[in-house]
Amino acid sequence: MLSIYNTLTGRKEPFRSLQPKTVRMYVCGVTVYDYCHIGHARSALVFDVIRRYLEYSDYQVEFVKNFTDVDDKIIKRAHERGVSCDAITAEYIEAYYQDMGRLGIRRATNEPKATEHMAEIIGLVSRLIQKGLAYPVAGDVYFQVEKYQGYGRLSKRKLEDLQAGARVEVDARKRHPMDFALWKSSKPGEPSWDSPWGSGRPGWHIECSAMSMTHLGETFDIHGGGMDLIFPHHENEIAQSCGATDKEFARYWVHNGFVQINQEKMSKSLGNFFTIREIFEKSKWPEAETGEMLRYFLLGTHYRSPLDFSDKSIEEAKNALNGFYDLFKRLKESEERATADEGLMAVIERCRVAFREAMNDDFNTSVAIAELQRMKSDVNKLLGQGLSTEARKIAREEFRSLGNNLGLFQLEKWQFIGGIVVTPGVARVTITSFAPTVTVSPVSPEIELSEVQIEQQIAERLDAKKKKNFAQADEIRKSLASHGIVIEDKPDGTSRWKR
RNA sequence: GGCGCCGUACCCAAGUGGUUAAGGGAGCAGUCUGCAAAACUGCGAUGCAGCGGUUCGACCCCGCUCGGCGCCUCCA
């Protein structure tokens, strides 16, 4: 039974979807005015994994993730560049797909934009005015927080407490300092839509209420986003949505913790900011591998805890992942010996159960990964005793299948341009497959060797080995090592290599 | 001022009121190997920031202290 920590109640609760076998979830996406950073990546990844796991658990998932494409920051950016807001949002939506794609984040089933839901937004605002929960003032419309009993339920705040701490200048036209804008009149040169209150644009919070209701109905299962959205964004969404419908809005509220740098929240003012593309560009590994390293790193910590980002942490993820792909390589190499086949199913079954148990416990990916590590270790042992080709295939498939929940282990190769067959005696190199396309330039291109060069060296070394010329063989090993290439000799006398 | 979170070995990181406090990375030793790598085996917190309290018993519950952080304003 899956249980999820619900911000609304402050505890883990058994998860029951409104409709059997279907989960409807809404996640607040990004405001598209800049490149996404590693924190956006974490959030997107967390909900990507939740979605994957729900699907693995036989739910059909209706997953809606919005783009906020009307906003002050977008307008500002457009003015700075002297281009239209549409140009800005189009550019960054494209960038979003690129960056998230590199991380293996699947697209949501529906990715609505605020600008495409003006009718629904205006309708919702009107409804709130009619119900006496909102009031227009000279072209703006505000939500009146005092009229909604239960305001503060999600963030566990009292209106009075908020008032005490408010240090923002309060718009005198508001009836309560915490009243927030549902609709803003637009200034010349700003994007605007006609409305009963004059031409304007929606406030930030209302779009999510409108879009989630439109695509998922007035009550749905899961609503998610980063911790920082709890207040005011999600609090306001609840007020608007429940205020308008008098129904429950989202039933489970899920919030991910922050990515930090040196124990501090990333922020532009602190200058400790890493965009996703920056990380990929700085990486010396092929893109697919870098994506997987990032996933492994980000999923190594429970989604609600803060986690610190550093080069070192990525390096550690790489090393850990290497262990898996080393095993996968060996599983592919044939050596028919079915000695330990019997034990494999038990190992797999144990892992499946433990993996599910971990994920069912509020998506505990750290433990889930630990279980995969255990299976890696167990399979390594069995492999040492001997596994049939069929059993090896089954083992590899199991890693792929469980790993798919986390978006791991889907690559064919890992830091190994595999399939290089060096035929002993002939010393001829055949390349049976190629590396995934490397789209970013390596950190130190001057020391990069081409595959052909590497293969030539390996062939030469093999020759030397055959002639018992170990001095030369070691020389070649050393030389390749200086380029970051590690050679592993296999029992059959051939070699594999990795970076 | 209000609300909340965190402090587990060299590093990352799970976890539980009561047999051995997961797992990974790094390290060391051994097996294997021409050498190496990988794999395997072994070693590694008598202790979970500190101090009190509750309890037959706490790392896990409560209180305080110290240290770090987040939200209360746009923010994943």
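Out of rC72(B), rA26(B), rG23(B), the shortest distance to the side chain of F231(A) is found at rC72(B). The side chain of M178(A) lies closest to rU73(B), out of rC74(B), rU73(B), rG2(B). Listed nucleotides rG24(B), rC69(B), rG23(B) differ in distance to E264(A); the shortest reach to its side chain belongs to rC69(B). The side chain of H37(A) approaches rA76(B) more closely than any other nucleotide in the set rC69(B), rG23(B), rA76(B). Of the candidate nucleotides rC3(B), rC74(B), rA76(B), rC3(B) has the atom nearest to the side chain of D161(A). Between rC74(B), rG24(B), rA76(B), one nucleotide has an atom nearer to the side chain of Y296(A) than all others, and that is rG24(B).
Where RNA chain B pairs in unbroken runs of 3 or more (Watson-Crick or G-U, both distances under 3.5 Å), the stems are B:1-7 with B:66-72, B:10-12 with B:23-25, B:27-31 with B:39-43, B:49-53 with B:61-65.
In this structure, H234(A) places its NE2 atom 18 Å from C1' of rC3(B), rounding to the nearest Å. Nucleotide rC5(B) holds its P atom 15 Å from the NE2 atom of H255(A), rounded to whole Å. Regarding K318(A), its NZ atom lies at a distance of 15 Å from the C1' atom of rG24(B), rounded to whole Å. Residue E160(A) contributes atom CD, which lies 12 Å from atom P of rC3(B) at whole-angstrom precision.
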Enumerate all atom pairs, one protein N or O and one N or O from nucleotides 11-14 of chain B, separated by less than 3.5 Å.
residue : atom : partner : partner atom : Å
rC11(B) : O2'  : K312(A) : NZ           : 2.7
rA14(B) : OP1  : H302(A) : N            : 2.8
rA14(B) : O3'  : N364(A) : ND2          : 3.1

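The residue N256(A) sits close to a base: some heavy atom pair falls under 4.0 Å. G39(A) comes within contact range of at least one nucleobase, with a heavy-atom separation under 4.0 Å. Residue contacts shown for E315(A) are absent, as no nucleic acid heavy atom lies under 4.0 Å away. Residue-level contact check: V259(A) touches the bases, meaning some heavy atom is under 4.0 Å from a base atom.
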Its contact letters, B for base, S for sugar-phosphate only and - for none at protein heavy atoms under 4.0 Å, make nucleotides 29-40 of chain B read -----BBBBSSS

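F220(A) has its ring centre less than 6.0 Å from the ring centre of F249(A).
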